[in-house]
Number of protein chains: 2
Amino acid sequence: MTVSLSSLRGDGDAFTDGCPTRVVLDHVTSKWGVLVLAALADGTLRWSELRRAVDGISEKMLASTLKTLERDGIVERVAHPVIPPHVDYSLTDRGRDLMEAMSPLLLWVAANADDIVPSG
Amino acid sequence: MTVSLSSLRGDGDAFTDGCPTRVVLDHVTSKWGVLVLAALADGTLRWSELRRAVDGISEKMLASTLKTLERDGIVERVAHPVIPPHVDYSLTDRGRDLMEAMSPLLLWVAANADDIVPSG
DNA sequence: CAGAATCCAGCTAGATACTG
DNA sequence: CAGTATCTAGCTGGATTCTG
């Protein structure tokens with residue numbers, strides 16, 4: 001490995017049960033969290049666009065995922081006071097920084113998935 | 001972003017519901033999958049060492065996580081026929097490749113978690 | 001030591017219906 | 001359009017017990 005992860009275990013309680021690292025890791029690597037973030041990595045999307053971009057997500061899970069990521073300062077929500085309602089979602093600076101770190105993983109999965117799961 | 005993810009959406013059904021990408025993504029970003037992989041990134045570990053390294057994991061989830069990653073060709077299991085039993089787990093070449101792609105994310109989470117979740 | 005098997009509480013998440 | 005509210009099936013995953 002180019003980047004050693006042993007440094008993470010060196011500082012005491014990184015990734016131990018109940019610490020902030022675990023919480024954030026669960027948020028950003030959650031089933032729908034990853035896909036919402038990947039969708040927003042290309043730019044701002046509206047609620048309805050997100051629903052279509054993240055194939056298979058329910059409204060409930062989209063709402064809950066967006067709220068979590070918004071609380072974490074990773075996603076920004078901008079509601080325009082018009083009729084009909086118009087709400088834009090985008091990555092914050094922190095979110096864009098996160099996606100730079102997550103991109104290699106996503107690209108690896110996209111490149112290797114077919115070898116790993118032959119028929120689905 | 002340095003690496004654009006839009007290329008992923010360009011090739012048709014990447015990350016659409018039910019496709020291999022989703023399956024593999026779920027495996028490697030699963031709650032315990034990430035932590036097991038991070039633990040093995042530093043080298044070979046035995047079952048009991050893994051249990052201690054991955055704080056909070058139950059035997060059931062460790063077994064199930066390892067089986068999934070083994071089926072995916074990411075983790076290798078080597079059982080030594082001795083009494084008492086001795087079983088080593090390590091990353092395969094594919095697994096090490098995966099961890100190179102996942103390291104930036106883990107380092108990002110470790111570096112930013114405390115800013116995101118102030119008090120847990 | 002390294003698991004497998006069983007039981008079950010609780011959360012996840014889908015479906016549906018409703019609202020500003 | 002952009003959500004919220006409610007209900008619930010079923011899966012996740014913890015605790016416990018047992019075994020080669």
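Proteins get letters first, then strands, A, B, ... in listed order; numbering begins at 1 in each.
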Checklist entry - DNA chain D: Lys31(B) or Ser48(A), which has the more 5' nearest nucleotide? => result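 The answer here is Ser48(A).
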Checklist outcome for this item: Letter by letter from the 5' end, nucleotides 15-20 of chain D scores (B base, S sugar-phosphate only, - none; protein heavy atoms under 4.0 Å) -----B
To the nearest angstrom, how far is [X] atom [atom1] from [N] atom [atom2]?
X	N	atom1	atom2	result
Asp88(B)	dA2(C)	CG	P	8 Å
Met61(B)	dA5(C)	CE	P	16 Å
Asp26(B)	dT12(C)	CG	C1'	13 Å
Leu35(A)	dA13(C)	CG	C1'	15 Å
Leu66(B)	dA4(C)	CG	P	10 Å
Asp17(A)	dG14(D)	CG	C1'	12 Å
Leu50(B)	dG3(C)	CG	C1'	13 Å
Leu62(A)	dT4(D)	CG	P	10 Å

Next on the checklist: Taking the basic N atoms (NZ, or NE/NH1/NH2) and the acidic carboxylate oxygens, is any pair closer than 4.0 Å for Arg96(B) and Asp93(B)?
Outcome noted: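 Result for this pair is yes, salt bridge flagged.
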Next on the checklist: Any non-hydrogen side-chain atom of Tyr89(A) less than 4.5 Å from a side-chain atom of Val75(A)?
Outcome noted: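 The answer is yes; the side chains approach within 4.5 Å.
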Checklist entry - Picking from dA2(D), dA2(C), dG13(D), which would you name as closest to the side chain of Arg77(B)? => result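 Within the option list, the nearest is dA2(C).
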Checklist entry - Shortest non-hydrogen contact from Gly33(A) to Leu69(A)? => result O-CD1, 4.3 Å
Next on the checklist: Does a side-chain N or O of Tyr89(A) approach OP1 or OP2 of dC1(D) to a distance below 4.0 Å, or not?
Outcome noted: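 Checking Tyr89(A) against dC1(D): no side-chain N or O falls below 4.0 Å of OP1 or OP2.
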Checklist entry - What nucleic acid atoms does Arg51(B) come within less than 4.0 Å of, heavy atoms only: base, sugar-phosphate, or nothing? => result nothing
Next on the checklist: Can a donor-acceptor pair be found, under 3.5 Å and without considering hydrogens, that links the side chain of Arg22(B) to the backbone of Phe15(B)?
Outcome noted: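 Looks like yes, one N/O pair under 3.5 Å.
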Item to check | Backbone of Ile74(A) reached by a side-chain donor or acceptor of Thr92(A) within 3.5 Å | outcome: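 Such a contact is found between Thr92(A) side chain and Ile74(A) backbone.
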Checklist outcome for this item: The residue, Gly56(A) or Arg46(B), whose nearest nucleotide of DNA chain C is more 5′ is Arg46(B)
Checklist entry - Parallel, tilted or perpendicular: which describes the rings of His86(A) and His80(A), with under 30° parallel and over 60° perpendicular? => result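 Geometry flag for His80(A) against His86(A): perpendicular rings.
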Checklist entry - Where do Leu106(B) and Val34(B) land on the side-chain contact (heavy atoms from CB on, under 4.5 Å) test, with the steps shown first? => result CA-CA 9 Å; Leu106(B) 263 29; Val34(B) 177; 3.7 Å; yes
